[in-house]
Amino acid sequence: MNAINPTAPDNDEIQALDAEHHLHPFTDTQALNAKGTRIIERAEGIYLWDSEGNKIIDGMAGLWCVNVGYGRSELAEAAKAQMNTLPYYNTFFQTTTSPATRLAKELSTLTPGDLNRFFFANSGSEAIDTVIRMVRRYWEVEGKPWRKVLISRHNAYHGSTIAGTSLGGMAGMHKQGGPLLPGIAHIRQPYWYGEGADQNPQEFALACAQALEDKILEVGPDNVAAFVGEPIQGAGGAIVPPEGYWAEIQRICRKYDILLVADEVICGFGRTGNWFGSQTLGITPDLMSMAKGLSSGYLPISAVAVGDRVANALIEKGGEFVHGFTYSGHPVSAAVALENLRILRDEGIVKQVGEVTGPYFQQQLRERIGSHPLIGHVEGVGLIAGMALAQDKANHTLFASDLDVGTICRNHCFDNGLIMRACGNRMVLSPPLIITQEEIDQLIDKALHCLDLTVASLAEMGISIGA
Ligand code: PXG
């Protein structure tokens, strides 16, 4: 096999090698190989360039993670400096490194409530594994080892390890590679436009939260360890629960003394206009999982924020918690995360999302995208938004799920210089948090054009839109 020059990839060669050797996540390899992968070469700000020279607006911030945008040399410098000083040491045997400890301290000043301690891992999935083991361990330490069940929601995404897959509520994932982890139960999701639009949003919110109480009573309140939810569902389609949902969920958790875990992997670090989605949605969690925006995706790192109740019990009564990863608190990732948090804070990026670009994005989306004939509903807050594709918006008729309109739209976006994600028949946007109002206008112009192209493709397939 010839050596490859990584700075000057030859498309055909890379595509051939990729087809031969590389198995991609969440991918039909046969279909991909028939088409050939697209090679992303470089990036700056909110833009990507592929190997054919196309300039693309990254409307997804990578995979919901590049919060400070691409090309931040400060982050590269932080990594380089730490690599030259201490590229690796672990945090297992009564040692630490200064970036890991300083990151834990810094996070404690950003997280709400009494989330004062941090357990580090490398991915959202590992953070979720950690949450599962930690909440179960907590109840063992508290003398109630029978409290094992975690409750989550259908269409939730909590990662792709066996624990993340099991805790998540993605039906397609549950069908593959089981058996899943025991001791997990799911309740309905608070997706008002898709599942409850015949009710007013407040009634619907209460009905969805009531499903938690029903499930707790079904499982037995004394068997439930925790409820886990994304403040806003991300991979499920950027679904914002209606007003009142989280308050009621929280009331029910407190009533039955069940731990509340916010999975902040997507909502954390400014996405919703506050540091954490919990602050935007009015949640006071006992634990939080976080990843992605913690380092803006520049290096892998995740964390579980642990509130005083759980941390104190584990520390004072639990002895050794036999859990951890080689790279828990990796010093280079931690150094990059610290610099990333400094940028988010010093440049006022979170504030800007909360006060300026977030409201502008939401308003423009509702006005311009929301009036498009193919869009039934727009929801979102800050710089995350989900848009439901509708066959007949006046009559609230959604597309059949086997008609993959989302993918048709996504492909048009891809071909026209915009990355927009399709989650089934919902289109999702989650751009870098440094996006400007002008860039938001460009993004929306492109999205509208691609929605028009999607309508044209549907017409060619004999499918018309509207009544
Ligand atoms: N929790 C949440 C809420 C997530 O969104 C994870 C946990 C797992 O994180 P890791 O780092 O293990 O991937 C996630 C990840 C998509 C997509 O296509 C979303 C995620 C990951 C990959 C793809 O929307 N979210």
Side-chain angles (χ1 to χ4, degrees), residues 22-26 61-68 72 75-76 78-83 85-93 95-108 110-111 115 117-135 137 157-168 173 181 228 230 234-235 261-269 271 276 287-306 311 321-341 344:
H22 187 183
L23 294 171
H24 291 246
F26 284 83
L63 262 182
W64 325 75
C65 54
V66 187
N67 288 13
V68 297
R72 298 301 305 237
L75 297 182
K80 183 179 171 194
Q82 184 57 42
M83 279 204 182
T85 311
L86 179 72
Y88 174 75
Y89 201 72
N90 69 68
T91 52
F92 275 52
F93 309 117
T95 52
T96 190
T97 63
S98 96
T101 299
R102 287 198 294 122
L103 181 59
K105 159 69 186 155
E106 183 64 23
L107 286 170
S108 76
L110 297 175
T111 46
L115 297 162
R117 289 190 169 83
F118 296 83
F119 193 104
F120 291 114
N122 307 286
S123 65
S125 298
E126 286 180 1
I128 285 293
D129 266 58
T130 301
V131 161
I132 294 173
R133 294 201 68 212
M134 195 180 273
V135 299
R137 178 66 189 146
Y157 189 79
H158 297 298
S160 179
T161 55
I162 196 80
T165 299
S166 306
L167 186 67
M173 291 175 76
L181 203 65
V228 185
E230 303 152 84
V261 184
D263 185 348
E264 293 269 3
V265 167
I266 282 177
C267 293
F269 304 103
R271 176 61 52 203
F276 294 94
L287 296 101
M288 267 183 187
S289 44
M290 53 186 71
K292 295 189 189 275
L294 170 55
S295 64
S296 284
Y298 278 59
L299 280 177
I301 184 165
S302 66
V304 177
V306 188
F321 179 38
V322 283
H323 177 80
F325 308 99
T326 303
Y327 302 129
S328 286
H330 193 289
V332 182
S333 300
V336 168
L338 273 169
E339 181 62 7
N340 174 61
L341 297 181
L344 284 170

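Residue numbers run from 1 in the order of the sequence given.
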Counting N and O atoms only, with roles assigned by atom type, does the side chain of [X] sit under 3.5 Å from a partner on the main chain of [Y], one being a donor and the other an acceptor?
X     : Y      : result
Thr91 : Ser328 : yes
Asn67 : Arg271 : no
Tyr89 : Thr95  : no
Thr97 : Pro331 : no

Can you name the closest pair of heavy atoms from [X] and [Y] and give their distance?
X      : Y      : answer
Asn340 : Ser296 : OD1-OG, 2.6 Å
Leu107 : Leu294 : CD2-CD1, 4.0 Å
Ala127 : Ala303 : CB-O, 3.9 Å
Ala235 : Glu230 : N-OE1, 4.2 Å
Gly329 : Ala100 : O-CB, 3.6 Å

Got [X] and [Y] here, is their nearest side-chain heavy-atom distance under 4.5 Å?
X      : Y      : result
Pro99  : Gln82  : yes
Phe269 : Lys292 : no
Ser123 : Pro300 : no
Val265 : Trp64  : no
Leu75  : Leu299 : no

The criterion is ring-ring contact (aromatic ring centres under 6.0 Å, His included); which residues satisfy it with Phe118, sequence neighbours excluded? none
Filter on salt bridge (charged side-chain N to carboxylate O under 4.0 Å, His left out), then keep only pairs touching residues 96-106, sequence neighbours left out; what's left?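 Qualifying pairs: Glu106-Arg345.
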Only distances under 3.5 Å count here; give the side-chain donor-acceptor pairs of residues 157-164 to other protein atoms, sequence neighbours excluded, each with its distance to 0.1 Å.
unit_1, atom_1, unit_2, atom_2, d
His158, ND1, Asp263, OD2, 2.7
Thr161, OG1, Asp129, OD1, 2.9
Thr161, OG1, Gly164, N, 3.1

Given side-chain contact (heavy atoms from CB on, under 4.5 Å), test Val261 with Ile128 step by step and report yes or no. CA-CA 10 Å; Val261 184; Ile128 285 293; 5.8 Å; no
Hey, what do you get for CG (Leu338) to OG (Ser333), rounding to the nearest 0.5 Å? 11.0 Å
Taking the six-membered ring for Trp, are Phe119 and His323 parallel (under 30°), tilted (30 to 60°) or perpendicular (over 60°)?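 Ring orientation of Phe119 relative to His323: tilted.
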Step-by-step side-chain contact (heavy atoms from CB on, under 4.5 Å) determination, Thr111 to Glu264: CA-CA 11 Å; Thr111 46; Glu264 293 269 3; over 6 Å; no
Would Ile301 and Tyr327 count as a side-chain contact (heavy atoms from CB on, under 4.5 Å) if you check the C-alpha gap in whole Å, the side-chain angles of each, and the deciding distance to 0.1 Å? CA-CA 9 Å; Ile301 184 165; Tyr327 302 129; over 6 Å; no
Stepwise, does the side-chain contact (heavy atoms from CB on, under 4.5 Å) test hold for Thr326 with Asn122? CA-CA 9 Å; Thr326 303; Asn122 307 286; over 6 Å; no
Close aromatic pair by centroid cut-off 6.0 Å: Phe325 and Phe120: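 Ring centroids of Phe325 and Phe120 are no less than 6.0 Å from each other.
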